[in-house]
Structure formats: C-alpha cells, structure tokens
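The next block holds one structure in the form of structure tokens; read it before the comments.
Every chain is numbered from 1, with letters handed out A, B, ... down the list of sequences. Predicted model, so just to flag it, every value in this text is computed and none were measured.
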Amino acid sequence: MSRRLVPVDRRILEQNIKARYHAGDIGTQDALHLFDELLQCAGSSSIRAINYLVTTVGRDCPALGVSLFNRVASANVAPNSITYTILVDCCCRAGRLDLGFAAMGHIIKMGFAADAIVTFSHLLNAICAEKKTSYAMDIVLRIMPMFNCVPNIFSYSILFKGLCNEKRSQEALELIQVMVEHGGSCQPNVVSYSTVIDGLLKEGLVGKAYSLFCEMLQRGISPNAVTCSSIISGMCKAQSMDKSEEVLQQMLDRRILPDVTTYNSLIHGYYSSGRCKEVDRIFQEMSRNGVQPNIVTYNIQMDYLCKSGRCAEARKIFDSMIGLGQKPDVTTYSILLHGYAMEKSFHEMHCLIDLMVGNGISPDHHVYNILISAYAKEETVGEVMHIFTKMRQQGLNPNVANYGAAVNLLSKIGRMDDVMSQFNQMITEGLAPDIIVFTPL
DNA sequence: CTAGGGTTAG
C-alpha cells in the first residue's frame with residue numbers, strides 16, 4: 001500500500017461521516033462501527049469526524065461517549081476544545097460530575113477556557129441539578145471571569161432556574177436587579193424574567209412576581225406563552241381562577257397564542273377548585289383553537305377522577321390513550337396506581353405494575369411510595385421492607401418521602417426500635433429528614 | 001452547541 005493512498009481513504013471516510021452527521025443519518029451502532037474504522041487510519045485531520053461520532057454516541061449513551069474519548073486519547077489523535085466540551089457533557093449526563101471537572105481542568109490547562117462558554121453551561125447544569133447553585137454562582141461570578149470566559153445569558157439562566165429550584169427565588173430576583181443596575185452587556189431577557197416570575201409564584205410571592213412582571217414590560221421585553229402560562233399557573237395555585245381567566249384574555253388580546261401547557265394549567269386549576277363545568281368549557285375552547293390534549297392533559301383528568309373515587313372512568317381514559325397512540329408515562333401509571341391504592345385494590349395494583357414494566361417503564365420513587373403507603377396502611381411491615389429491598393436492587397435509593405412513609409407506619413404500630421433504625425439508615429445515606437420524618441420521634 | 005411554563009407519592 002502506498003503512503004499516499006491511506007490519507008485519501010481517510011479523507012473520504014471523514015467526509016462521509018461529516019455528511020451523514022449533518023443529515024442526521026448516523027445511529028449509535030453505525031457511529032461505533034465508523035469510530036472503529038476511523039481510529040485505525042486516523043491522523044491529526046480526523047478530530048472533527050471523531051467529534052461527530054462521539055457526539056452521536058454520547059447523545060444516546062453518555063457513559064459510552066466517555067469511553068470513546070479514552071480511546072481517542074490513547075490513539076494518535078489530539079483532542080481539541082470541542083472534543084473536551086462533548087466529554088464534559090457526557091460526564092455530566094452520566095452522573096460523573098467529578099470527571100466533568102477533571103475534563104474542564106484539561107481545557108483550562110490547554111488555554112481554551114475563554115472559549116469554553118458552552119462547556120461551562122453543561123457543568124453549571126449538572127452542579128445545579130445537585131442543588132449546589134451557590135457553587136454554580138461562584139463559578140459564574142468569579143471563576144469564569146478569572147479565565148476570561150464572559151458569562152452569557154445562558155449561564156445566568158441556569159443560575160436563575162437553580163436558585164428557584166432551591167426555593168431561593170428572592171436571590172434570583174436580586175441577581176436580576178444586579179445585572180440591570182450593573183448595565184453590562186448581558187441583560188436579562190424574556191427567559192430570565194419568566195424563570196424568576198415562575199419561581200416567585202411557586203413560593204407564593206405573588207406581589208413580588210407582579211412587580212417583576214411590570215418591570216419586564218417597562219424594559220420593553222414582551223411576555224410570551226411561557227411567561228403567561230407561568231402566571232396563569234401561579235394564579236390557579238393561589239385559587240384565583242378569575243385572575244387566571246383575565247391573564248388568558250390578555251394573552252388573546254396581545255395575540256400570544258395559548259398552547260397545551262396554558263390550557264393544562266387552567267384545567268388543573270378548575271379541577272382543583274371542583275369546577276368541572278369550567279373544565280368542559282376549557283376543553284371546548286382548546287378544540288376551537290386547534291390545540292390537542294396531550295399526555296399531561298389526560299394525566300390531570302385521570303388524577304381528578306381517581307381522587308373523586310372514579311377509578312373505573314380513569315381506567316377508561318387510560319385504555320383509550322393507548323388506542324389513540326398517546327403512550328402512558330410513569331406519571332400516568334402513578335396516578336392510576338394511587339387511585340387503586342385508595343380503593344385498596346391490591347390485585348389491580350399488581351396487574352398495573354406488571355403492565356407498566358411490560359411496557360418498558362421502570363417504577364420510580366413515586367410508584368414505590370404509593371406501594372409503601374398502601375402496605376403501611378394495612379400495617380404489613382414485611383411487605384414494606386420488601387419494597388425497600390426491591391428499590392435498592394433496582395439501583396434506586398429510597399428518598400425522604402419513602403422513609404417518611406415507613407417511619408410513620410412503624411411508629412404507629414409502636415416499633416420504635418425499627419423507627420430509629422430506619423431513621424439512622426436515612427441519615428447514613430446522606431438524606432436530610434424533613435418535618436414528616438421527625439414528627440413520630 | 002448551552003436557558004424558561006403544565007401532571008404523580010409520605
């Protein structure tokens with residue numbers, strides 16, 4: 001084989017990968033095969049093609065993306081800054097924030113930090129998902145500028161959402177004010193305002209949310225369907241359905257089209273206040289405006305029926321959903337399961353769990369907690385403990401609500417030694433007890 | 001390429 005032919009073959013392969021990537025034409029398996037093929041003849045020109053392949057694999061299976069990176073590193077090809085960005089994203093999505101930090105360390109060492117704005121976003125998302133938003137704030141406000149990486153509106157939005165998720169929406173509000181007063185190039189936009197308005201409303205701070213909304217309008221930023229849906233949802237939560245309707249009317253006046261999420265908020269609000277006639281009206285309005293119900297709409301409807309002791313009707317919706325091609329999700333199953341639990345229909349519960357697993361949906365904390373509570377009410381300790389074992393076998397660590405349900409049962413039947421042992425187990429697993437766990441003690 | 005809204009459990 002001549003020296004010249006190899007690079008030509010290689011270039012054809014690289015161009016082929018690039019074209020297929022942009023056409024969205026590579027599956028995970030294809031990518032893995034192409035990766036093997038390319039790595040055999042790869043040279044320094046191959047890194048772009050390698051990046052396409054690692055992106056494709058990592059999208060589907062982040063841990064596999066990380067392992068491909070290791071093979072790149074041991075082959076004779078130097079990763080570039082894009083490769084490291086893909087790596088950080090894969091590490092974070094594989095739940096290995098520690099490896100994400102290590103990769104970021106390489107980026108900084110190589111002097112790529114100033115251009116790593118997207119890489120930082122992946123890292124910030126993962127940090128906030130672990131409820132360490134204070135740390136994320138330090139990165140945005142101090143560490144990124146230290147490396148000449150100027151935080152952008154995405155960086156700040158991740159912080160706003162993280163703070164709101166930690167019920168620190170007032171700090172998010174302060175951060176918005178600081179951005180505005182500072183007058184820098186990065187100013188809050190409709191996403192920033194919507195996020196913080198939503199967070200304030202979820203904490204019941206209606207007045208502050210309203211002031212922020214006014215401030216947004218004054219600054220010439222137009223609300224959109226997301227902003228309005230958050231406000232409608234907040235008004236529903238505050239039992240102010242009339243105000244919700246006012247906001248809906250203002251949306252229509254401003255030509256902001258309500259979408260399925262907007263209508264779902266209203267439907268949930270009316271069900272919660274027991275006004276079913278109004279729900280019918282909203283359904284009609286939806287259909288008139290060409291908005292189709294989705295899985296969440298059905299879940300809301302089923303939840304209402306189950307909680308009104310009408311599981312059979314909820315089941316009819318459930319069965320018709322499958323026919324309509326709307327696949328029930330883990331929430332749908334939880335809702336129906338909870339309905340059966342209230343009826344003490346243990347047989348139906350087990351059939352439903354089997355159906356769920358058969359349809360490829362794994363039970364989550366909610367599902368298990370419905371089972372734990374149902375057995376707890378029957379005071380069958382053995383079954384409750386068995387569910388904990390099953391959860392752990394599935395790699396699902398019980399959460400505070402799961403322990404809460406068990407601790408309440410044990411204290412009710414006077415088994416205080418078992419209460420303490422569950423309590424200690426919970427602490428050992430790094431969980432912070434809440435008021436419900438403490439009450440029996 | 002990276003950000004925001006609706007549904008479920010003790």
Are Phe69(A) and Tyr84(A) an aromatic pair, judged by ring center distance below 6.0 Å? yes
Below 6.0 angstrom between ring centroids: does that apply to Tyr263(A) and Phe283(A)? no
Base, sugar-phosphate alone, or nothing: which one does [X] contact when heavy atoms must sit under 4.0 Å apart?
{"X": "Val400(A)", "value": "base"}
{"X": "Val190(A)", "value": "base"}
{"X": "Ser157(A)", "value": "base"}
{"X": "Thr262(A)", "value": "base"}
{"X": "Val437(A)", "value": "base"}
{"X": "Asn399(A)", "value": "base"}

Let's see if you can work this out: which of [options] has an atom nearest to the side-chain heavy atoms of [X]?
{"X": "His365(A)", "options": "dG4(B), dT8(B), dA9(B)", "result": "dA9(B)"}
{"X": "Asp303(A)", "options": "dG10(B), dT2(B), dT8(B)", "result": "dT8(B)"}
{"X": "Thr331(A)", "options": "dT7(B), dG5(B), dG10(B)", "result": "dT7(B)"}
{"X": "Asn294(A)", "options": "dG6(B), dT2(B), dG4(B)", "result": "dG6(B)"}
{"X": "Ser265(A)", "options": "dG6(B), dT8(B), dA3(B)", "result": "dG6(B)"}
{"X": "Ser334(A)", "options": "dT2(B), dT8(B), dT7(B)", "result": "dT8(B)"}
{"X": "Ile300(A)", "options": "dT7(B), dT2(B), dG10(B)", "result": "dT7(B)"}
{"X": "Thr261(A)", "options": "dA9(B), dG5(B), dT7(B)", "result": "dG5(B)"}
{"X": "His122(A)", "options": "dA9(B), dG4(B), dT2(B)", "result": "dT2(B)"}

Between [X] ([atom1]) and [N] ([atom2]), how many Å, whole number?
{"X": "Asn369(A)", "N": "dG10(B)", "atom1": "CG", "atom2": "C1'", "answer": "5 Å"}
{"X": "Met342(A)", "N": "dT8(B)", "atom1": "CE", "atom2": "C1'", "answer": "12 Å"}
{"X": "Leu201(A)", "N": "dG6(B)", "atom1": "CG", "atom2": "P", "answer": "11 Å"}
{"X": "Asn299(A)", "N": "dG6(B)", "atom1": "CG", "atom2": "C1'", "answer": "10 Å"}
{"X": "Asn165(A)", "N": "dG4(B)", "atom1": "CG", "atom2": "P", "answer": "9 Å"}
{"X": "Ile82(A)", "N": "dT2(B)", "atom1": "CD1", "atom2": "C1'", "answer": "13 Å"}
{"X": "Ile107(A)", "N": "dT2(B)", "atom1": "CD1", "atom2": "C1'", "answer": "13 Å"}
{"X": "Asn152(A)", "N": "dG4(B)", "atom1": "CG", "atom2": "C1'", "answer": "15 Å"}

Suppose we call a contact any N or O donor and acceptor under 3.5 Å apart; does that hold for the side chain of [X] and the base of [N]?
{"X": "Asp259(A)", "N": "dG5(B)", "result": "yes"}
{"X": "Asp434(A)", "N": "dG10(B)", "result": "yes"}
{"X": "Asn189(A)", "N": "dA3(B)", "result": "yes"}

Below 4.0 angstrom from OP1 or OP2 of [N], is there any side-chain N or O of [X]?
{"X": "His338(A)", "N": "dT8(B)", "value": "no"}
{"X": "Lys307(A)", "N": "dA9(B)", "value": "yes"}
{"X": "Lys202(A)", "N": "dG6(B)", "value": "yes"}
{"X": "Lys161(A)", "N": "dG5(B)", "value": "yes"}

Any donor-acceptor N/O pair, Asp89(A) side chain to Cys92(A) backbone, under 3.5 Å: no
Test your reading of the model: is there a side-chain donor-acceptor pair from Asn424(A) to the backbone of Met420(A), 3.5 Å cut-off? yes
Nearest heavy-atom contact between Ile370(A) and Ala341(A) is CG2-CB, 3.9 Å
Just checking Ile435(A): does its CD1 atom have more than 12 heavy atoms from other residues, nucleotides or ligands closer to it than 6.0 angstrom? no
Within this structure, what is the CE-CD distance for the pair Met241(A) and Gln239(A), rounded to the nearest 0.5 Å? 9.0 Å
Per ring pair (Phe, Tyr, Trp, His ring centres under 6.0 Å), Tyr304(A) is matched among Tyr271(A), Tyr270(A), Tyr298(A) by Tyr271(A)
Under a 4.0 Å heavy-atom cut-off, which of residues 215-231 of chain A touch DNA chain B? Asn224(A), Ala225(A), Val226(A), Thr227(A), Ser229(A), Ser230(A)
Residues 318-357 of chain A vs ring-ring contact (aromatic ring centres under 6.0 Å, His included), sequence neighbours excluded, gives Phe318(A)-Tyr333(A), Phe346(A)-Tyr375(A)
